[in-house]
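Input: a single structure, listed below in structure tokens.
Everything numeric here is computed off the predicted structure, so don't read it as measured data. Note on naming: letters A, B, ... go to the chains in the order of the sequence lines (proteins, then strands), and numbering restarts at 1 for each one.
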Amino acid sequence: MDVADSIHMEQPSAAQTPSTHTAPVEFAGKGGEFFGIWIVNILLSIVTLGIYSAWAKVRTLQYFYGNTAIDGHRFSYLATPMQILKGRLLAVALFACYTLAVSLFPIAGMVFILVMFFLFPWLINQGLRFNLRMSSYRNVRFSFAGSYSEAFMCFIVLPFVGAITLYLAMPWVLSKIDEYIHSNVKYGDKPLNVSLKAGEYYITVLLVVAVSVVGFGLIGVIFGASVAGSGFTMGEGTNPTDFVNAASIMMFVGYMLFISVISAIYKARIRNHIFNNCELEGLAKFKSDVKIMPFAMLMLTNTLAIIFTLGLAFPWAKIRQARFMAAATELELNSNADAVLDTMEEQKASFGEEAAEIFDVDVSLG
Amino acid sequence: MSQLMTGTYYLAKSSEAQDAQLHVNGDMVSLHYQGQCMHVFDMADLTQSSTIPGVPMEVIFPDGAKFTADDVTARFLNRRANLETLEKNKTLIIASIVLVPAFMWFVLMVLMPRIAQSSVAYLPDVVAEQMGKQAFEVIERTLLEPSVTQEVQKQQIKQQWQDTLVALELSPDKYQLHVYASEFFGPNAFALPNGTVVITDDLIKQLQGNSDAVLAVLLHEIGHVEHQHSLSMVAQSVSSAVAFAMIFGDIEGIGEILLGTGSTLVQSQFSRNMEREADDYALAKLNQLGKSGDAFAQAMQSFLDISDKHSDEKSILHYLASHPDTQERIDKAKNYKP
């Protein structure tokens, strides 16, 4: 009895589940403020023939990281402009070699492509590794633990499998790629646990296909009607070109809307699926609720604004998108959030590390 | 000079955070949390994050701990003027809206072509040779079919070609003329950087046995080779793309544009300036050979006639789009004086 009692008594403390609370992702960036940063940075980049673009990239990321907060703590972007500049110069050199090779010596270009083929998974890994290592929250860094063989599998072998199955396996391949990217993320000493379902990818892709078919049909009908309409008005004194011009602008907007909806379906559903199935072990659960139509409208209005302002609306669009994404995201935080240890080893600049930092290829984590 | 900042102190190597205050007194910085002074630092031992408008300042301590200010505008008073000042400068921001497109235009349209053009002169001959040889192999396999022009007519054109090369003291090893049929090119002639010149059946037909007009077109193509126009084009598009990539830090999107380089070469879409240079070359050499610029005018006129007849024909529109105003070229050829 006593023993049983004591066990009973101790249970609450032994299994003491830390209390949890819901924390929104807050984004405080402002369009006007970022416009100044953006345009001045582009000006400086041009004047310095691109050298400054490394500073521009770091400052832009620092602006977005620094304005994103969870539970009152802001993110930080830690890369230095020199790291980015080194990587960029190397990438540009590689890229210039590649283009020169391809356009001057098409056959030598093919050898180069073969080399790139094997280099590609490594580049992706280095990019993920670099970007995560340079991201910190509460003074603890993220990291990426993916291996070359896994990356080779995900980015070379599986897409090939997807292609030879006439793309029937592609949704499954996409789920494997996303799983690889996310399940190898660590925040300090806490791994990110992810279990993605290929079924969700299949449903999403089917939805995209269905909407595409309906959308293209609709656009075809509207186009046919507008051409017929212009034919009818020919004899009646109205200027048919005006009608056609108005129709083609409508067509353009309609087409952009259609593209926005399709990409919103995929991006929103997949992002929600990934976030809702991610967990930082014993620390946080993620919730994403991106709604398809509002997201599509956001993308449509952003694209149109950028086109009609000849690019000047770009900063505003970027801020809007970040705010929208933040608002659709929530975390369920355990109260032990301050118990994460930064396991980043002391960085001895071995050659491998140096090489790792040289390449900076962005594979966005959405 | 003293300063007080409130914010959050993040301990080194963990996510532990404390509400804290930073007191700055001259070169002395003291950190207070949990109601006591925990550390005192020399300002010189602290690293300050780069300051960005709208982002709070971060101070990094020697052991890797970090302080983030609450107020996004809070900055150390002793900080010198920095990039942030530029990014908040209203005059500079407004000026940038005008300056950015102007500078972009200058870099991409003036500076890069100039750099490209002058660098081409330093490329060894083997580059042009290899480039032409390999491009020709690819084009021949994919876009060209065997010629169906009568053998007699072909021999005539080739004989004229040989005579011309001798008269102009051009290397017959370098300059090789080929006749092919091609649906892709339509009535056209093009030159590769190694001196390989191709004329299509359709163009021969279009010029209706006017051998001087054929010669004029071929001299125009030799002009492209002599002025190294293909190499300039490649160098120009590569350097512009690199400049673009460096400025916007976007390499992926630019790759697409660059993939067009190969086809640029194939379609001999030289810039208008280059066309003019090749025209001038052709006119000068026609004159040297004792022929009048009318031959060139006639060749050009044949393009105009055809485009009037089938205004929807794609290949001709293509040809005209990349070339200077045809009428202008005809007038120039007719009035040519050495």
Side-chain angles (χ1 to χ4, degrees), chain A residues 28-30 33-37 39-47 49-51 53-59 62-63 65-67 72-74 76 81 84 88-89 91-92 95-96 99-100 102-108 137-140 187-188 310 312 337-344 362, chain B residues 8 10-17 49-50 52-56 58 64-66 68 72 83 86-90 92-93 95-97 99-101 103-104 107 111 127 130-131 134-135 137-138 231 234 237-239 241-243 245-249 251-252 254-255 258-259 261-262 264-265:
Chain A
K30 295 184 199 76
E33 195 171 58
F34 181 55
F35 181 84
I37 298 173
I39 195 117
V40 169
N41 279 311
I42 289 186
L43 183 73
L44 293 174
S45 295
I46 299 173
V47 172
L49 289 177
I51 304 292
S53 69
W55 276 257
K57 177 183 173 154
V58 168
R59 296 180 70 78
Q62 282 174 341
Y63 184 81
Y65 276 56
N67 273 300
H73 300 283
R74 294 163 186 267
S76 309
I84 304 288
R88 204 159 266 188
L89 286 176
V92 164
F95 176 69
T99 9
L100 278 174
V102 169
S103 47
L104 298 183
F105 315 115
I107 295 160
Y137 174 70
R138 300 184 67 141
N139 208 16
V140 171
Y187 171 62
L310 302 176
L312 285 180
D338 60 358
V340 183
L341 295 178
D342 194 334
T343 54
M344 204 65 62
D362 245 357
Chain B
T8 313
Y10 296 96
L11 277 70
K13 300 266 162 229
S14 98
S15 61
E16 197 181 333
S49 67
S50 48
I52 292 162
V55 178
E58 288 180 353
K66 187 168 85 174
T68 306
V72 297
L83 295 165
L86 295 179
E87 287 161 348
K88 287 165 97 170
N89 186 323
K90 291 250 163 31
L92 182 61
I93 291 170
S96 295
I97 297 173
L99 290 176
V100 163
F103 285 2
M104 278 307 288
V107 169
L111 194 62
V127 173
Q130 280 298 317
M131 179 179 168
Q134 298 196 7
E137 271 172 38
V138 174
L231 292 174
V234 172
S237 60
V238 170
S239 58
V242 167
M246 280 299 284
I247 290 166
F248 289 100
I251 289 176
E252 288 151 55
I254 305 304
L258 265 178
L259 288 180
T261 324
T264 308
L265 186 68

Looking only at heavy atoms, what is the nearest atom pair of [X] and [Y], with distance?
{"X": "A:L43", "Y": "B:S96", "value": "CD2-OG, 3.5 Å"}
{"X": "B:G64", "Y": "B:A12", "value": "C-CB, 3.9 Å"}
{"X": "A:G66", "Y": "B:V55", "value": "CA-CG1, 4.0 Å"}

Given heavy-atom pairs under 4.5 angstrom as the criterion, report whether the side chain, backbone, both or neither of [X] touches chain B.
{"X": "A:Y137", "answer": "neither"}
{"X": "A:Y65", "answer": "neither"}
{"X": "A:L312", "answer": "side chain"}

For chain B, which candidate among [options] shows the most heavy-atom pairs at distances under 4.5 Å?
{"options": "A:F35, A:W55, A:Y187", "answer": "A:F35"}
{"options": "A:L44, A:V40, A:N41, A:V47", "answer": "A:V40"}
{"options": "A:R74, A:E33, A:R59, A:H73", "answer": "A:R59"}

Expected output: side-chain A:N67 to main-chain A:K30 donor-acceptor under 3.5 Å: no

Would you confirm whether A:N139, through its side chain, and B:L11, through its main-chain N or O, come within 3.5 Å as a donor-acceptor pair? yes

Most contact-rich option vs chain A, by heavy-atom pairs under 4.5 angstrom, among B:A17, B:P101, B:S49, is B:A17

Between B:V107, B:L92, B:L99, B:I97, which has the largest tally of heavy atom pairs under 4.5 Å with chain A? B:I97

Distance col, row B:I52:CD1 vs B:E58:CD, nearest 0.5 angstrom, shows 9.5 Å

Heavy-atom contact with chain A under 4.5 Å, split by part of B:A95: neither

Chain A contact via B:L111 - which portion, at a heavy-atom distance below 4.5 Å: side chain

With under 30° as parallel and over 60° as perpendicular, where do the rings of A:F34 and A:Y63 fit, or are they tilted in between? parallel

